[in-house]
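Chain letters run A, B, ... following the sequence lines, proteins first and then strands; every chain starts at 1. Side chains are part of it too, since the values below use all heavy atoms of this structure and drop only hydrogens, waters and symmetry mates.
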There are 2 protein chains.
Amino acid sequence: MGGGRPRDTGVEERVVAVAREMLREGGYARFAVDQVADRAGVAKTTVYRRWPSRDHLVVAAVATFLDDVAIEETGDLRADLVRIAAAIAAGLGQPGIRLLVSELIAAGARQPDLAASVYQLWARRRAASLDLFAAAVGQGEQADDVDPGLILDQIIGAVYYRALITGDPVDDDYLKRLVSAALAGAGVSSGGLA
Amino acid sequence: MGGGRPRDTGVEERVVAVAREMLREGGYARFAVDQVADRAGVAKTTVYRRWPSRDHLVVAAVATFLDDVAIEETGDLRADLVRIAAAIAAGLGQPGIRLLVSELIAAGARQPDLAASVYQLWARRRAASLDLFAAAVGQGEQADDVDPGLILDQIIGAVYYRALITGDPVDDDYLKRLVSAALAGAGVSSGGLA
DNA sequence: TCCATTTCGCTACGCGAGTAGCGTAACAGA
DNA sequence: TCTGTTACGCTACTCGCGTAGCGAAATGGA
């Protein structure tokens with residue numbers, strides 16, 4: 001049996017590239033599959049043959065530009081944690097990003113087969129943050145019986161919670177208190193106060 | 001100048017009641033404004049004259065049945081916190097509720113004028129949780145120099161974070177460790193270990 | 001009674017998501 | 001070259017959100 005017409009391998013790349021641009025230009029709200037298809041020089045049906053829904057395409061596009069943001073490590077665990085939390089808070093402070101993040105979360109809830117892909121998006125950044133703890137342990141900056149995951153959950157979770165759910169402000173003072181409390185709760189000695 | 005035709009005051013009540021039913025039956029996904037209007041015996045345009053979007057109506061409907069769930073206070077701060085966190089985790093474990101919560105969050109991000117209303121939904125439950133701390137202080141169970149809001153953020157935030165964003169499991173063991181860490185971070189004496 | 005005003009119901013429309021079906025193009029193998 | 005198979009483009013469709021415009025109903029005031 002013959003192999004049939006081969007898939008145009010350029011389609012994935014072109015469509016995702018256009019999708020990324022459209023996300024940058026108009027955000028999630030103005031992201032229209034028809035327009036993506038047009039600008040990519042592809043039929044809408046062809047798009048839907050690879051990504052079963054608009055959200056699938058959005059997730060695929062976001063996955064390609066989430067790696068751009070790097071985390072700076074200074075070696076000072078507490079300071080690094082504050083910086084990471086501040087970066088997240090700053091991002092969620094922008095309406096466009098807040099909308100995109102919210103929609104990505106909702107996308108995972110709307111379509112179960114997308115959940116894993118969405119979790120994967122945050123997992124990368126979380127893994128990078130966890131590295132900070134390993135480095136801190138290596139430098140004897142802290143004991144190794146603490147649970148880095150738990151500490152991160154408390155810090156990052158609180159930031160997302162306030163920014164997305166309660167709407168409370170997330171300023172620098174709050175972040176310092178938050179990180180201090182989370183570290184103290186895990187028994188990490190207070191390297192340096194506020 | 002004459003007063004014009006008076007508004008049918010029964011419309012608000014009837015429409016919200018039907019909306020609540022439809023949410024219970026089919027969740028957020030199957031919630032259609034047309035059907036709500038039909039079942040309420042009202043024209044779709046009339047619905048849109050009061051609630052400018054589907055999300056506005058959903059928020060109005062959710063606001064009427066969120067008060068049903070009460071929080072049980074036993075007087076044991078730690079146990080109560082674990083129970084509250086477990087209740088939230090259990091709720092978010094249900095696909096329908098997880099979707100609804102996600103969509104409500106996204107609704108606030110989509111339409112700025114809805115954000116305040118959505119925050120208000122969670123604010124009531126948060127206020128009830130904060131009361132636990134006041135009671136605990138009254139009973140001398142803890143010092144009064146702790147920041148209840150910060151502790152709640154760490155606990156509730158972590159639960160939402162794991163359930164909605166990272167997708168990590170939220171089991172009982174995790175919750176106990178979480179509450180213990182949050183309380184310890186605030187300097188609350190460990191009333192009882194795991 | 002006549003008029004201005006406001007609400008209501010209805011029809012029709014535009015838009016974007018997602019689907020179905022058809023003809024055609026691009027292959028592999030006989 | 002002929003056949004089977006798969007991908008592509010295109011048209012047309014359904015569905016739900018949200019809007020525009022019209023005539024009728026329900027009021028208060030002249």
So, does [X] use its side chain to make a donor-acceptor pair with the main chain of [Y] at under 3.5 Å?
{"X": "B:R98", "Y": "B:L92", "result": "yes"}
{"X": "A:R54", "Y": "A:A32", "result": "no"}
{"X": "B:R126", "Y": "B:G149", "result": "yes"}

How many Å lie between [atom1] on [X] and [atom2] on [N], as a whole number?
{"X": "A:D8", "N": "C:dC27", "atom1": "CG", "atom2": "P", "value": "10 Å"}
{"X": "A:Y48", "N": "C:dG18", "atom1": "OH", "atom2": "P", "value": "4 Å"}
{"X": "B:R7", "N": "C:dC8", "atom1": "CZ", "atom2": "C1'", "value": "11 Å"}
{"X": "B:D38", "N": "C:dC10", "atom1": "CG", "atom2": "C1'", "value": "12 Å"}
{"X": "A:R54", "N": "C:dC15", "atom1": "CZ", "atom2": "C1'", "value": "13 Å"}
{"X": "B:Y28", "N": "D:dC17", "atom1": "OH", "atom2": "C1'", "value": "11 Å"}
{"X": "B:Q35", "N": "D:dC15", "atom1": "CD", "atom2": "P", "value": "11 Å"}
{"X": "A:W51", "N": "C:dT19", "atom1": "CH2", "atom2": "P", "value": "15 Å"}

Base, sugar-phosphate alone, or nothing: which one does A:R50 contact when heavy atoms must sit under 4.0 Å apart?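 Since only primed, P, OP1 and OP2 atoms lie under 4.0 Å of A:R50, the category is sugar-phosphate.
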
Kindly say whether, by distance alone, the side chain of [X] makes a donor-acceptor pair under 3.5 Å with the base of [N]?
{"X": "A:R49", "N": "D:dG9", "answer": "yes"}
{"X": "B:T45", "N": "C:dC10", "answer": "yes"}
{"X": "B:R5", "N": "C:dT7", "answer": "yes"}
{"X": "A:K44", "N": "D:dG9", "answer": "no"}

If you find the nucleotide of DNA chain D closest to B:Q111 and the one closest to A:G41, which residue's nucleotide is nearer the 5' end?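 The residue mapped nearer the 5' terminus is A:G41.
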
Assess whether atom CD of B:E13 is packed by more than 12 heavy atoms of other residues, nucleotides or ligands within 6.0 Å.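 Counting other residues, nucleotides and ligands, CD of B:E13 stays at 12 neighbours or fewer.
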
What nucleotide, of C:dG16, D:dC8, C:dG9, holds the atom closest to the side chain of A:A32?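 Closest of the options to the side chain of A:A32: C:dG16.
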
Tell me yes or no: between the side chains of B:Y174 and A:D153, is some donor less than 3.5 Å from an acceptor?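 Present: a donor and an acceptor within the cut-off.
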
According to a strict under-4.0 Å criterion, is A:T46 in side-chain N/O contact with OP1 or OP2 of D:dG9?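 Yes, because at least one side-chain N or O of A:T46 sits under 4.0 Å from OP1 or OP2 of D:dG9.
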
